[in-house]
Amino acid sequence: MQRRKFLSIGSTFLAALPLSYYKKAEKLGVKPIVISTWDAGINANKAAWNILANKGKAIDAVEQGVMVTESEINCCVGLGANPDREGFVTLDASIMDEAGNCGSVAFLEDIKHPISVARKLMEKTPHVFLVGEGAQKFAISQGFILEKKELSEGAKKAYENWLKKTDYHPEINRENKNQSSNPIMPVVNEFNHDTIAMIALDAYGNLSASCTTSGQAFKMRGRVGDSPIIGAGIFVDNEIGAAAATGQGEDIIRIVGSHLVVELMRQGLSPDMACKKAIERLIKVKGVEKCKSIQVGFIAVNKKGQTGAYSLQNGFSYATCSNMENNKLNKSSFIL
Ligand code: SD4
């Protein structure tokens, strides 16, 4: 009874966003744009752009955009992803809208679209973050189906290989390694990304961000990275801009990376410079030597629709799509 009460309060509040707000923004002549991490961003952007180009909302674009990646079978995002060291796929996701509403799930198992569970949590409950069994129970209560699956062909091979040595060294740019040259024949035993983060600016001038991941391959059971942590994996301040992160989650959390990028934009830095300064902050905190064995990348969009990205190491890619940029794949600048 009580639960039903808070569910309906949550949805009423969100449905009641004033129309005048959107009208005002339309007059500003905002040009929608979507930006997302790694090469996988190209496919995900297509779905997001479809929404933005039809005057849809940024929050729908960032949800439906990354759902494309979650659905890919031989991929490190979603149920086809690499498992933890006990052989289980555990997923993390987060979403945030222009009004500061946010939702996250972590250590979620057997659910195909964690990003949509995160959105439901944001819209239908007073909570922001659910993990493990509780997140799964909530998902089921919202009509999500449990999909208990064997590891995908690629994940099984990778896990069997890993078990031979059980060595744990997260690899730099594993996301873009060994890509298939044949677009019809995806790489099966080496994935080309394990996280997608996305930011969208819609025609009404509203920003939203999302992120979904299987985390680091062969992580300790229960390990959670930056992706579902608001402020670390994603952050949106609709007055200033939005940012999202990928790479070594522990180090992104250390500097509350995405929030830092947005705060640097608030101080007047361009999205590019804000991402660069955040990377420099990480180097200062961790030291150059230790940074040589990790990758961290940021993407950002400001209120004007300008985009930027920066990474620690060479090899980080991101995709942008707008009226001006037809789903272009960019290589970020890098520091080390
Ligand atoms: C994590 N940040 O769980 C994620 C991993 C990632 O591309 O971004 N991989 O630490």
Side-chain angles (χ1 to χ4, degrees), residues 35-41 76-77 82 84-85 92 94 162 165 167-179 190-197 199 209 211 213-220 223-235 241-265 267 269-300 307-319 329-336:
I35 175 171
S36 51
T37 56
W38 304 108
D39 295 9
C76 276
V77 175
N82 277 325
D84 64 18
R85 56 187 69 174
D92 307 333
S94 63
W162 181 80
K165 282 196 185 161
D167 228 12
Y168 185 66
H169 293 295
E171 258 184 85
I172 294 172
N173 297 329
R174 194 169 60 78
E175 293 81 355
N176 273 355
K177 269 189 187 150
N178 243 3
Q179 291 173 62
E190 269 283 353
F191 303 117
N192 69 359
H193 48 85
D194 64 7
T195 295
I196 180 158
I199 304 167
C211 187
T213 186
S214 58
Q216 300 275 1
F218 321 127
K219 60 195 174 186
M220 285 175 72
R223 178 267 186 191
V224 172
D226 61 301
S227 305
I229 297 180
I230 301 298
I234 60 169
F235 194 68
T246 184
Q248 187 69 36
E250 285 74 4
D251 293 301
I252 298 164
I253 292 170
R254 228 180 279 289
I255 57 164
V256 201
S258 294
H259 184 260
L260 176 60
V261 172
V262 171
E263 288 308 300
L264 289 164
M265 288 194 284
Q267 290 168 23
L269 296 189
S270 66
D272 245 341
M273 281 308 289
C275 293
K276 184 173 185 224
K277 285 274 173 221
I279 294 286
E280 285 172 0
R281 175 80 59 90
L282 176 60
I283 295 171
K284 197 169 170 203
V285 169
K286 198 175 164 84
V288 180
E289 275 315 302
K290 282 190 183 158
C291 281
K292 284 185 180 159
S293 57
I294 60 160
Q295 174 66 301
V296 167
F298 292 110
I299 55 172
T307 60
Y310 231 91
S311 57
L312 255 181
Q313 314 271 354
N314 195 0
F316 171 49
S317 60
Y318 64 99
L329 195 66
N330 310 276
K331 295 285 169 199
S332 82
S333 304
F334 59 97
I335 290 185
L336 292 180

**Report entry** Arg223 bridged to Glu250 by N-O distance under 4.0 Å
**Finding:** yes

Heavy atoms only: give me the nearest [X]-[Y] pair and the separation to one decimal.
| X | Y | answer |
| --- | --- | --- |
| Ile299 | Ile199 | O-CD1, 3.6 Å |
| Leu264 | Lys277 | CD1-CB, 3.6 Å |
| Asp272 | Tyr310 | O-CD1, 3.8 Å |
| Ile255 | Ala278 | CD1-O, 3.5 Å |
| Ala300 | Met265 | CB-CE, 4.0 Å |
| Thr195 | Cys211 | CG2-SG, 3.7 Å |

Validation row: [X], [Y] side chains within 4.5 angstrom (heavy atoms):
| X | Y | value |
| --- | --- | --- |
| Ile35 | Tyr318 | yes |
| Pro271 | Thr307 | no |
| Asp251 | Arg254 | yes |
| Leu312 | Phe334 | no |

Find the distance between [atom1] ([X]) and [atom2] ([Y]) and round it off to the nearest 0.5 Å.
| X | Y | atom1 | atom2 | result |
| --- | --- | --- | --- | --- |
| Cys291 | Leu282 | SG | CG | 4.5 Å |
| Ser311 | Gln295 | OG | CD | 4.5 Å |
| Ile252 | Ile229 | CD1 | CD1 | 10.0 Å |
| Leu260 | Glu263 | CG | CD | 8.5 Å |
| Asn82 | Gln216 | CG | CD | 10.5 Å |
| Asn314 | Ser332 | CG | OG | 8.0 Å |

Query raised in the report: Around atom CZ of Arg85, are there more than 12 heavy atoms of other residues, nucleotides or ligands at under 6.0 Å?
Result: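 Counting other residues, nucleotides and ligands, CZ of Arg85 exceeds 12 neighbours.
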
Query - Heavy atoms from other residues, nucleotides or ligands near NZ of Lys286 exceed 12 (cutoff 6.0 Å) - result: yes

Query raised in the report: Where the side chain of Asp84 meets the backbone of Lys219, is there a donor-acceptor pair that is under 3.5 Å apart?
Result: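 Pair absent, no side-chain N/O of Asp84 close to backbone of Lys219.
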
Query - Residue pair Ser317 / Asp39, side-chain donor-acceptor N/O under 3.5 Å - result: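 Side-chain D/A pair, Ser317 to Asp39: present.
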
Requested in this report: Ignoring hydrogens and angles, state whether a donor on the side chain of Thr37 or Thr246 is under 3.5 Å from an acceptor on the partner side chain.
Outcome: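 There is no such pair (donor and acceptor under 3.5 Å, judged by atom type) between the side chains of Thr37 and Thr246.
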
Report task. Could you please spell out the steps behind the side chain to side chain contact (heavy atoms under 4.5 Å, CB included) verdict for Phe298 and Ile279? Result -> CA-CA 8 Å; Phe298 292 110; Ile279 294 286; 3.8 Å; yes

Query raised in the report: Aromatic rings Phe316 and Trp38: how do their planes relate, parallel, tilted or perpendicular, breaks at 30° and 60°?
Result: perpendicular

